[in-house]
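First up is the structure itself, then whatever we jot down about it.
Numbering of residues begins at 1 and proceeds along the displayed sequence. In listed order, ligands and their atoms are each counted from 1.
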Amino acid sequence: MNAVVLLGPPGSGKSTVSEVLGNKGYQHVSTGDMLRDQIRLKTQLGIKAGKLIDHGRFVSDEVAVGMIQELLEGSDASAKFLFDGFPRTLSQVDSLNTMAKLFELQLDKVILLECPDEVIIDRLSGRRSCDTCGTVYHIKYNPTARDGVCDIDGGNLVHRTDDTEYTIKKRLKVYSKRTAPLINYYKAKKLIHTIDATMSIDNVRDAALEQLN
Ligand code: AP5
């Protein structure tokens, strides 16, 4: 098994970039999407996770690691993963290292999307996602052809409940305290490749695609 990690603050464009990296044979694995599925299904985990997410807090490391472990257990040796939003704490890094040994998973690189806070606030305030397929749009930078309707499957567009001004600010604080330390960790391992995520969507996607060539 092989994996690439997409690292970056909330709203830096991880999902947007993942949409095109899938064409390179990578399976997109977003722990945020997995949790939102649980919220939609109103499972015990979803109910708990929904409250934490809406307050800009992380779910526990055990929950995040458990979801990834389950995925690896059910995958074959030739699988290639694009991890989006995992790992996001140093403890999750340790768990990933342990799982890597157990499942013979090689981490090929970590793509860091760098983006300043003021750009992020503008992006998340205007983000809309399809409530059925999850495709991500932006009212200004990546609008749909028809207002409020997904181009892919005609689903309704929704504004994520964690994209309020209060929660965005909280998420940025949590990112700099708990996730940003991963940058130095992976720099020391010479695995980090940084992309300026303030460029246009097409340019960021092209830069990410180049990393996978
Ligand atoms: P998650 O869904 O992973 O949220 P996130 O990391 O905060 O990232 P986002 O999905 O908000 O943003 P993105 O970087 O994907 O940007 P996007 O492409 O949408 O996780 C949600 C929550 O789940 C977390 O807060 C946490 O509580 C929990 N969680 C998840 N994983 C966890 C874990 N491992 N451990 C513990 N808890 C976990 O783009 C944003 C907007 O900008 C869009 O509108 C897009 O169209 C636009 N845009 C993108 N790129 C550009 C560009 N280059 N130019 C202009 N606009 C752009």
Heavy-atom pairs closer than 4.0 Å: do any link ligand 1 to the side chain of [X], the backbone, both, or neither?
| X | value |
| --- | --- |
| Pro10 | both |
| Tyr175 | neither |
| Ala197 | backbone |
| Phe58 | both |
| Ser60 | neither |
| Val204 | side chain |
| Leu35 | side chain |

Could you tell me the residue and atom name of the protein heavy atom closest to [atom], and the distance to it rounded to 0.1 Å?
| atom | result |
| --- | --- |
| atom 45 (C) of ligand 1 | Thr16 OG1, 3.6 Å |
| atom 12 (O) of ligand 1 | Gly11 N, 2.9 Å |
| atom 4 (O) of ligand 1 | Arg160 NH2, 3.4 Å |
| atom 19 (O) of ligand 1 | Arg127 NH1, 2.6 Å |
| atom 53 (N) of ligand 1 | Met199 O, 2.8 Å |
| atom 24 (C) of ligand 1 | Arg88 NH1, 3.8 Å |
| atom 37 (N) of ligand 1 | Val59 N, 3.2 Å |

Should you measure from each heavy atom of [X], which atoms of ligand 1 turn up under 4.0 Å away?
| X | answer |
| --- | --- |
| Ala64 | 33 (C), 34 (N), 35 (N) |
| Gly85 | 31 (N), 32 (C), 33 (C), 34 (N) |
| Lys14 | 5 (P), 6 (O), 8 (O), 13 (P), 14 (O), 15 (O), 16 (O), 18 (O) |
| Tyr137 | 43 (C), 44 (O), 46 (O) |
| Phe86 | 34 (N) |
| Arg57 | 26 (C), 27 (O) |

If the contact criterion is a heavy-atom separation under 4.0 Å, does Arg36 count as touching ligand 1?
yes
Ser200 near ligand 1, heavy-atom distance under 4.0 Å?
yes
Flag Arg171 as yes when one of its N or O atoms lies below 3.5 Å from any N or O atom of ligand 1, and as no otherwise.
yes
Do the numbers put Arg178 on top of the ring of Phe58, so that NZ or CZ is under 6.0 Å from the six-membered ring centre and no more than 45° off the axis?
no
So Asp54 and Lys170, salt bridge (charged side-chain N to carboxylate O under 4.0 Å, His left out) or not? Walk me through it.
CA-CA 10 Å; Asp54 284 349; Lys170 183 76 199 292; over 6 Å; no
